[in-house]
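Take a look at the structure below.
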Amino acid sequence: MKKGMIHNRDGFLDSVASSLGRTRRSEGVTVPDWVHRPQDHLYSHLAKDDVLDLFRKACRDVHAGLVETEAATLHTMVLNTIADHGGGPIIVLDDPNFSQFGLEALFERDDVYVWGGNQSIEKAEQANVGITFSEAAFAESGTVVSSNGEGKGRLVCMLPKTHIAIVPRSTIVPRMSAFMKSMRAKLSAGEWLATCVNFASGPSNSADIELKSVVGVHGPVRVTYILVADR
Amino acid sequence: MPMGIGDGPFHDRVEEELHNSFMRGAIASAQDGLRDKKIRATSEDPNIEDWEEWRKAGEEIRRHTIENLDFYLEQLSENFAKRGGHVYFAKTAEEANRYIQGIVQEKKAKNIVKSKSMVTEEISLNQKLEELGCNVVETDLGEYILQLDDHDPPSHIVAPALHKDKEQIRETYESKKGYQQSENPEEITSFTRELLREEFLRADIGITGCNFAVAETGTVTLVTNEGNANLCTSLPKTQISVMGMERIVPTWEELDVMVSLLSRSAVGQKLATYVTALTPGKEEGEIDGPDDFHLVILDGGRSNALGSEFQDVLHCIRCGACVNVCPVYRHIGGHSYGSIYQGPIGAVLTPILGGYEKYKELPFASSLCAACTDECPVGIPLHDLLIKHREKIVEEYGLTETSEKWMMKGFGMGTSSPPLFRAAVKSASTAVKPKVGPLKEWTKGREFPSPAKESFRKWLEGRGRS
């Protein structure tokens with residue numbers, strides 16, 4: 001990868017160091033063992049079922065619909081949810097999870113476009129429903145995490161009016177902290193960081209007019225999570 | 001617009017705003033609402049266990065980061081550039097604007113979408129781009145409303161259009177965009193969604209601020225509820241993110257803590273609806289996202305605080321919690337401060353970035369109740385910093401009012417001379433009247449008790465004899 005340009009760094013940072021009353025530090029600084037780490041021990045007492053309950057409550061708080069299903073009935077649940085939200089057109093990620101969870105039939109439908117071709121953005125804009133698999137979910141805040149990449153456009157969960165996120169139960173963790181730790185471990189092992197890691201909690205909203213909360217601004221107007229027990 | 005808003009002396013602005021009864025009602029109820037939300041998401045949320053521990057964690061992280069700012073900015077720039085992004089370190093607003101104008105010209109860009117960014121307002125970026133003939137559209141709903149209304153300045157860090165009621169907003173939409181529906185916020189929002197969707201789709205460049213840059217990976221993190229930052233950074237082919245140089249964390253683990261503090265303090269949510277971490281390095285099969293990603297790191301006067309007694313103000317994460325508890329802000333509103341940064345943080349930060357000459361009244365617009373210090377999620381001692389500003393202002397400029405100077409001099413003379421003191425005490429009950437003379441301003445909104453006819457000393461002397 002060709003390195004990008006860096007302009008005016010030395011003069012700028014020399015002046016920062018001098019304002020701080022010392023010489024410049026380019027190395028030798030490590031992140032301390034923080035004295036205060038409130039995020040570490042939260043929820044450690046919770047059993048798996050309690051974590052799920054926490055997730056269910058958080059989904060209600062962030063106005064995300066939640067339906068639950070077993071792996072065997074996932075396809076039916078997806079179809080029902082699409083219908084509940086007004087049907088197609090639909091856009092999905094080109095994500096191996098779809099076939100791993102028995103959803104390959106979706107790709108055959110006339111009203112489904114799989115992200116990746118040169119009409120992708122146009123199709124995402126026209127779609128009524130965008131369907132993704134989340135790679136992680138946070139119980140505390142009703143959050144689903146997705147990283148982009150080839151076949152996994154950022155816009156599938158952002159442009160359509162409805163976002164359906166399929167959440168495998170095993171990917172739910174109590175809160176962001178566990179995810180950050182595991183992500184940093186992967187990055188240290190040389191894994192590539194996606195250009196966009198998105199933590200989304202429910203539909204888009206704003207309270208900019210008289211502080212009255214309105215759901216559905218630039219991102220999806222409606223969000224449903226389909227919680228699926230793992231195969 | 002630049003950091004400073006409006007002209008005219010501070011007291012004139014305050015006088016005008018005090019008469020704006022809609023604004024005062026809106027601000028009072030907004031403060032109550034936002035403050036309650038914060039309390040429910042922080043000290044009253046049993047799940048996070050100990051809010052004070054979180055505040056200490058926030059302070060610890062910010063302190064270490066600012067003390068090593070040069071190191072982390074270098075690490076950030078290296079990692080950003082390694083992934084193919086371009087970094088521009090800008091000491092001044094002029095430098096930042098010149099660089100950004102250069103990109104716009106190189107790309108022959110016409111249409112630009114922006115997500116909310118206070119730092120880009122500081123440098124008057126929109127104006128500089130409009131000078132090049134660009135169509136610059138703010139996409140945050142509150143900022144869009146203000147932009148439509150002939151660039152009305154923001155009145156609150158988090159809810160910039162707080163001072164407007166829905167009828168005023170409806171009127172603006174009607175006159176500027178031919179809006180024919182009602183003043184219902186859902187309808188206005190839905191109309192805005194459609195309008196701005198077109199802008200997102202045709203934009204050549206997306207410009208954002210930066211809530212937190214992550215040094216260890218060269219990442220820019222944006223925190224929104226509306227999803228506009230996502231669209232600004234996924235559709236246009238070029239992205240420019242502008243950051244105040246202090247808006248940085250060392251690693252993704254500190255990002256977790258800071259984003260949690262920000263979301264709970266600013267909007268009472270466990271996490272903002274969209275927390276989006278963006279890093280350069282678009283790969284072969286990626287269709288959306290920018291081909292070119294630029295990061296502009298701005299000093300803009302922030303280094304005035306480094307190494308000084310005001311350094312802690314750079315810990316600020318722009319949550320607005322201090323604004324939401326300030327009794328002075330409650331009455332005078334955001335525009336009175338004459339700055340895009342208002343309330344306690346505005347009163348501390350604006351003079352540092354913009355100088356005492358223009359902003360010396362701001363640190364005095366405080367009752368020093370310290371509610372702000374108690375609320376700050378990263379423990380900035382705001383009221384202490386206001387006192388420090390006052391000390392420096394008086395040292396540099398002397399007392400601000402001539403009348404105050406004379407009063408102090410007179411007080412000094414009167415209290416150091418026993419005959420003068422006795423004469424003053426004797427005449428107090430007749431001479432000291434509310435609503436006139438030296439007490440006129442003080443008693444405009446307050447009662448002031450009349451001094452007793454007999455002084456305490458005289459009374460005590462009389463008692464002793466009998």
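Letters A, B, ... are given to chains in the order of the sequence lines, protein chains preceding strands, and every chain is numbered from 1. Given the structure is predicted, the values throughout are model-derived calculations rather than measurements.
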Nearest 0.5 angstrom please: Thr273(B) OG1 to Asn205(A) CG, how far?
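Atom-to-atom, Thr273(B):OG1 and Asn205(A):CG are 4.0 Å apart.
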
Nearest 0.5 Å please: distance from the CG atom of Asn228(B) over to the CE atom of Met158(A).
8.5 Å

Sub-3.5 Å donor-acceptor pair from the side chain of Asp70(B) to the main-chain atoms of Ala17(A), do we have one?
no

Would you call Glu183(B) and Lys212(A) a salt bridge, taking side-chain N to carboxylate O under 4.0 Å as the test?
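Answer for the salt bridge query: no.
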
Indicate the ring-plane relationship of Trp34(A) and His64(B), choosing parallel, tilted or perpendicular according to the 30° and 60° boundaries.
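Plane angle over 60°, so perpendicular.
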
Mind telling me whether His7(A) and Tyr88(B) have parallel, tilted or perpendicular rings, with 30° and 60° as the class edges?
tilted

With a 4.5 angstrom heavy-atom cut-off, which part of Val62(A) approaches chain B: side chain, backbone, both or neither?
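For Val62(A), neither part sits under 4.5 Å from chain B.
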
Would Lys181(A) and Asp256(B) satisfy salt bridge (charged side-chain N to carboxylate O under 4.0 Å, His left out), going step by step from the backbone distance to the final call?
CA-CA 10 Å; Lys181(A) 274 204 164 74; Asp256(B) 166 17; over 6 Å; no

Report the residues that fulfil ring-ring contact (aromatic ring centres under 6.0 Å, His included) with Phe133(A), sequence neighbours left out, ordered by chain and then residue number.
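Partners of Phe133(A) by the ring-ring contact (aromatic ring centres under 6.0 Å, His included) criterion, ordered by chain and then number, come out as Phe98(A), Phe101(A).
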
Would you please test Thr195(A) and Glu286(B) for side-chain hydrogen bond (donor to acceptor under 3.5 Å, both in side chains) and show each step?
CA-CA 9 Å; Thr195(A) 54; Glu286(B) 278 180 54; 2.8 Å; yes

Steps toward side-chain contact (heavy atoms from CB on, under 4.5 Å) verdict (Ile6(A), Glu78(B))
CA-CA 8 Å; Ile6(A) 302 176; Glu78(B) 272 305 302; 3.7 Å; yes

Testing the 3.5 Å rule here: is there a donor-acceptor pair between the side chains of Asn225(B) and Ser206(A)?
no

Could I get the full list of side chain to side chain contact (heavy atoms under 4.5 Å, CB included) partners for Pro46(B), not counting sequence neighbours?
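Pro46(B): no side chain to side chain contact (heavy atoms under 4.5 Å, CB included) contacts found.
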
